[in-house]
Amino acid sequence: MADAARGMESLPVANVQALAETCNNGVAEPVPRRYLSKDPSAEEVVAADDSSHAIPVIDFRKLLDPESSEEECARLGSACHHWGFFQLINHGVPDEVIANLMKDVVGFFKQPLEAKKECAQQADSLEGYGQAFVVSEDQKLDWADMLYLIVQPRESRDMRFWPTRPASFRDSVDSYSLEASKLAYHLLEFMAKGVGADPASLRGVFQGQVRGMRANYYPPCRQAADRVLGLSPHTDPNGLTLLLQMNHDVQGLQVSKDGRWFPVQALDGAFVVNVGDALEIVSNGAFKSVEHRAVIHPTKERISAALFHFPDQDRMLGPLPELVKKGDRVRYGTTSYQDFLKQFFTAKLDGRKLIESFKLE
Ligand code: OGA
Ligand code: NI
């Protein structure tokens, strides 16, 4: 595979889980300046308990039911246009498949550092255990470690980076990625329907292509939780992202809307789904790739897993003719998706900067 989704070389930085242990213990070391990136008073965050400002909830069962499908498709389209984010309930991915994934992702991060290092990133790849998007010696760093793997199709896997412990890790990721992708492709059909296009049009761009899974470990930060960021503001470069959060009592993900940050209260058993750059482009802007970030809790860790669905990397990517509405114009340039990903992975995360550069005046 000609594979920009594997990423580029990144500079080695400290293991944040280990650093957090030193900073959080009794005789605390100060948090290194490179992690202090956020001015807590600079941006408005909407109160987490204000449910009138929550991201929309979409019911997959209603999408399937002929009685309610049309109405729910319209709600789905509106969520993807106005928020770029929604929570999906009644999604049909078996509880057991999700529970196994969660158990094994948590199990991986709970191992001693030496064991996790067996999956460490290497110079030729962004897969593996470590950090992403570290491109210069002096940039600010995120308060998190991650394990990134290309998980499907099976022949695209690089087993150097796949944990052997927990012993069931590989099977759990395999089942989960297959089940969750089936759901994602089904959602793409409903999204196309929602804007009056052929259900096969969007699905066809992504089905069977590369899927990456990024498991994120956000340690607590007792001294300066309001000044560190777990994940810098960014958009996802892929099509659809399905996110699972392991501990629902810890709020971390925030979504940008109208210049404010909206905390996402993950519902138990639901997926948080979001639109990425590739989907904004192929939908000619009907669906928006919205900036999001992850914040840190002072005393509790948070673990999440994001499944990214990429389009064919060997193809040119531009608005699909059937998604350019009558009377509208083509709003995005057409680009080699491989070049797009290369640009994404060799820069620091920077909000909507990259996708904006593909917009036509
Ligand atoms: C991501 C992401 C959010 C989270 O991995 O791209 O946005 O809550 N994660 O971990
Ligand atoms: Ni993201």
Side-chain angles (χ1 to χ4, degrees), residues 5 7 16-17 45 48 54-55 80 83-88 101-102 105-106 108-109 126-134 142-151 173 176-177 180 184 211-221 225 228-257 261-268 270-280 287-297 300-310 341 344-345 347-355:
V16 182
Q17 195 173 356
V45 177
I55 63 169
C80 292
W83 286 88
F85 267 84
F86 58 91
Q87 299 211 52
L88 188 69
L101 177 86
M102 288 184 175
V105 166
V106 172
F108 171 77
F109 285 120
L126 250 195
E127 283 188 77
Y129 176 64
Q131 284 82 21
F133 308 108
V134 183
D142 288 342
W143 190 257
D145 301 312
M146 57 126 202
L147 173 67
Y148 181 60
L149 299 170
I150 301 288
V151 293
V173 170
Y176 172 73
S177 54
R211 279 140 279 168
M213 189 184 85
R214 178 162 138 167
N216 300 296
Y217 182 87
Y218 302 104
C221 184
V228 298
L229 266 182
L231 189 53
S232 300
H234 68 284
T235 59
D236 295 349
N238 52 288
L240 265 191
T241 304
L242 266 53
L243 184 82
L244 280 179
Q245 181 174 324
M246 315 289 154
N247 15 22
H248 288 87
D249 55 329
V250 192
Q251 200 286 306
L253 174 65
Q254 298 186 340
V255 174
S256 168
K257 190 170 191 289
W261 289 106
F262 291 77
V264 176
Q265 299 291 0
L267 300 170
D268 212 356
F271 280 104
V272 173
V273 183
N274 68 285
V275 172
D277 296 344
L279 200 47
E280 176 170 330
F287 309 127
K288 294 283 179 342
S289 177
V290 168
E291 238 180 279
H292 52 288
R293 67 179 187 180
V295 298
I296 293 298
H297 193 278
K300 291 180 186 168
E301 67 186 6
R302 194 170 74 95
I303 296 174
S304 67
L307 185 66
F308 305 111
H309 296 79
F310 290 96
L341 270 192
F344 183 82
F345 279 117
K348 187 181 169 329
L349 288 178
D350 194 2
R352 277 186 49 92
K353 191 170 167 196
L354 181 58
I355 172 92

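First listed ligand is number 1; within each ligand, the first listed atom is number 1. Computed from heavy atoms alone, side chains included, the values below leave out hydrogens, waters and symmetry copies. The first residue in the sequence is number 1, and the count goes up from there. These numbers were taken from a predicted model, which means no experiment stands behind them.
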How many protein atoms of type N/O/S are positioned less than 2.8 Å from the Ni ion (ligand 2)?
3
Pick one of side chain, backbone, both or neither for how Leu243 approaches ligand 1, counting any non-hydrogen atom pair under 4.0 Å.
side chain
Which atoms of ligand 1 are found less than 4.0 Å from any heavy atom of [X]?
X	value
Leu231	1 (C), 2 (C), 5 (O), 7 (O), 9 (N)
His292	7 (O)
Tyr218	3 (C), 4 (C), 9 (N), 10 (O)
Ser304	4 (C), 10 (O)
Leu253	3 (C), 8 (O)
Arg302	4 (C), 8 (O), 10 (O)
Asn216	5 (O), 9 (N), 10 (O)
Phe308	5 (O), 6 (O)

For the backbone of Leu354 and the side chain of Asp277, can you confirm whether one donor and one acceptor N or O come within less than 3.5 Å of each other?
no
Taking the side chain from Glu280 and the backbone from Gly84, do they hold a donor-acceptor pair closer than 3.5 Å?
no
Work out which heavy atom in [X] is nearest to a heavy atom in [Y]; give both atom names and the distance.
X	Y	result
Gln17	Phe109	NE2-O, 3.1 Å
Gly239	Ala278	N-CB, 4.0 Å
Leu253	Arg302	N-NH2, 3.6 Å

Taking atom types as modelled, is there a side-chain donor on [X] or [Y] under 3.5 Å from an acceptor on the other?
X	Y	value
Asp145	Gln131	yes
Asp236	Asn274	yes
Glu301	Tyr218	no

For His234, state whether at least one heavy atom is located under 4.0 Å from any atom of ligand 1.
yes
Is it true that Met146 lies under 4.0 Å from ligand 1, counting heavy atoms only?
no
Between Trp83 and Lys288, is there a cation-pi geometry (under 6.0 Å to ring centre, at most 45° from the normal)?
no
May I ask you to check whether Tyr129 and Phe108 place their ring centres under 6.0 Å from each other?
yes
Which word best sums up how the rings of Phe345 and Tyr148 line up, parallel for under 30°, tilted for 30 to 60°, or perpendicular for over 60°?
tilted
